[in-house]
Number of protein chains: 2
Amino acid sequence: MAVTIKDVAKLANVAPSTVSRVIANNPRISERTKRRVREAMEDLGYHPNYNARSLANRSTQTLGLVMPSSADKALQNPFFPEVLRGISTKAHEKEYTLYLSTGATEEEMLEGVMGMVHGRRVDGIVMLYSRIDDKIMAFLEQQNFPFTVIGKPLVNPDSITHVDNDNFRAAKDVTDHFIKKGHTHIAFVGGNLDLVVTVDRLNGYEKALREADIPYEEDYVVHVEFLKEGGQEAVMELFSLEKPPTALVVADDLMALGIMSKLDEMGLSVPEDVSIISFNNVMLAEYSSPPLTSVDINIFQLGYQAVNCLLEKINDPDSGNKRVCVPHKVVERWTVKTLDEKKEVK
Amino acid sequence: MAVTIKDVAKLANVAPSTVSRVIANNPRISERTKRRVREAMEDLGYHPNYNARSLANRSTQTLGLVMPSSADKALQNPFFPEVLRGISTKAHEKEYTLYLSTGATEEEMLEGVMGMVHGRRVDGIVMLYSRIDDKIMAFLEQQNFPFTVIGKPLVNPDSITHVDNDNFRAAKDVTDHFIKKGHTHIAFVGGNLDLVVTVDRLNGYEKALREADIPYEEDYVVHVEFLKEGGQEAVMELFSLEKPPTALVVADDLMALGIMSKLDEMGLSVPEDVSIISFNNVMLAEYSSPPLTSVDINIFQLGYQAVNCLLEKINDPDSGNKRVCVPHKVVERWTVKTLDEKKEVK
DNA sequence: TTTTAGGAAGAAATCGTTTACAATAAATGA
DNA sequence: TCATTTATTGTAAACGATTTCTTCCTAAAA
């Protein structure tokens, strides 16, 4: 039906293998035959069949992406389009294409990944999250399949190539920022505790408090989902406390947005009554009212670098494992109020 | 290396063809051998090789997505994550996976699509836009390759399956809305004129004006890019006119946001000085200040239905062409000011 | 007992490439 | 001149499935 390498071979009066070599631009073929073959390809409108190629090659030129939840859910958070941008930019640079994972439950996801790996559907995998005790990561490691992680693997980070921010530092920075502005009642609203990023940030938050001799209160730490609704739940909890916080370290812009709208409903205003710094600095942060002070973690770079490392691993499986740290930067806008400026101590 | 169908066959003491039949659950194989073979598969941890399958089958179980510009650029607009959500939801339901297109220029995109089609890399394609005189669409049509379009093909819409909103109607509705609220100086800020969606909406806008005997002014119609920056350009043009508009029909939320921030810079306030209704109703619309009145075009459905139609076409290539119309709904928020309430005429 | 039908499974071709190995002819060197 | 390279191309075996024929049984019909 479609025109194959054999048709080209016949027309150009050569063997199929010769055509294959011309495609690969093998130097062992003379320029004269190359020209002849290329002409034949042109004439017939020949295009190589990817599946046949992959099969013979054992390479697919495609990369698998594993989301923390089903793509359906994950795509609701602006984080993902942005990593995707970084990922697809680098992937396309190197002529790789992308393959999105399936599955609603963790069990289904694992099933899907096993399919990708065993079925040789992808050459490598980017994990878009890092969870504690993750079955999928364990599987990939055990299979010795090329993969990189966005975030920090908890167990043996040195033996897994990953790209991450310094989340501990970032959380400490923003907490310090609040402290410097005179806040002492600072709460932490994080995502699910089994995400490593949450743990890192929580630790940074705690460290900052300890250094400033502010007691760490269990009640000031809540963990909710990375969505708007999550933010709203958090508000309910925190603002029914006897002494509600005056400042919030929030792990995600979307959550912060949810928090602000809930706060608004309750008649509390930002930053007058409560200050907020969140993470990610997605476009929303700029356009909310008031605009959010947010930590820019350079999501695009996260994706871009993850693919970069992955391709290195694919091309040289024995290359060592790397850790790439993408710098962050807090972008100050209008959600932080100064209670009582501290003198610079340092 | 990896375990193949032959290994399973050997262990189960049957021919490879038998194993294949067991996988396909062919009724011509006895339950007893089926059990035996399945056991062998389990024991060896067998997973079928997708490439080999695709090659033999001439089907890939994957769908190609063609973006209006490179994925890199397109993903900046929240429209795309949301269609992607719809698309991936349906695709995963039917165990199809997704393949993102490559290419920065139109020429490169076409190249990429030709690769997908001729190289049998995908079973069908969803075009995420509809442009006038589009080479890619022409190619797909000429090849008689299964594809569906999100948006309305301009040339022969009846012979191409597509899913769309009634954009003419939607634009007329919002323009009428302005008119009813007493506005007479209504401008239109659209995307690129070679996108069919722009044309449809422009026509709806014009129709509403004519019906209300408001003159259609060339100066009140501008066309810019579907991004924040586009909105800002638009403001520069419109508000240097002698008689600037009091109401804006804007083709995209992101553009509207750009417009609002520019307006703010210029000391004009929304909706006091200028009213705005935009399209898409992405999450941003809800969180901007003031929150945007926006036409919800149900982006998720657009993607979901596009895949639905595509799968139908793939499974039955001779099924007729359809047009699915996804309903829209204007979501009123706080960017429209009543100048002078008209009596309901109808 | 022979024929026949039908169920179950195997053999081998096929899908469209790549690639190791072989083959040929021309060119080089002694 | 003959052996040996070297440059160029061909042959055929993978790659890992699916699928069309066959074949082989066994049991029912004649």
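Computed from a predicted model, the values in this text were never measured in an experiment. Labels below follow one simple rule: chain letters A, B, ... track the order of the sequence lines, proteins then strands, and each chain is numbered from 1.
Taking 3.5 Å as the limit, the base of C:dG6 and the side chain of B:Arg28 contain no donor-acceptor pair of atoms between them.
With respect to the salt-bridge test (charged N to carboxylate O, under 4.0 angstrom), the residues B:Glu39 and B:Arg36 do not qualify. We find that B:Lys322 and B:Glu312 are joined by a salt bridge, their nearest charged nitrogen and carboxylate oxygen being less than 4.0 Å apart.
Here C:dA9 presents its P atom at 8 Å from CZ of B:Arg36, a figure rounded to the nearest Å.
Close to C:dT18, at under 4.0 Å from its OP1 or OP2, lies no side-chain N or O of A:Tyr50. One finds a side-chain N or O of A:Thr33 lying less than 4.0 angstrom from the OP1 or OP2 phosphate oxygen of D:dT9. Distances shown here put a side-chain N or O of A:Ser20 below 4.0 Å from the OP1 or OP2 atom of C:dT18. Within the 4.0 Å cut-off from OP1 or OP2 of C:dA9, not a single side-chain nitrogen or oxygen of B:Thr18 is found. Between B:Ser17 and D:dT19 there is no side-chain polar atom (N or O) within less than 4.0 angstrom of OP1 or OP2. Applying the 4.0 Å criterion to OP1 and OP2 of C:dT18, one finds that A:Arg53 has a side-chain N or O inside that range.
Out of C:dG16, D:dT11, D:dT18, the shortest distance to the side chain of A:Arg21 is found at D:dT11.
Among the protein residues, B:Ser30 comes within range of the sugar-phosphate backbone only, with heavy atoms under 4.0 Å from sugar or phosphate atoms but none that close to a base.
Checking A:Thr33 against A:Ser30 by side-chain atom types alone, a donor-acceptor pair falls below 3.5 Å.
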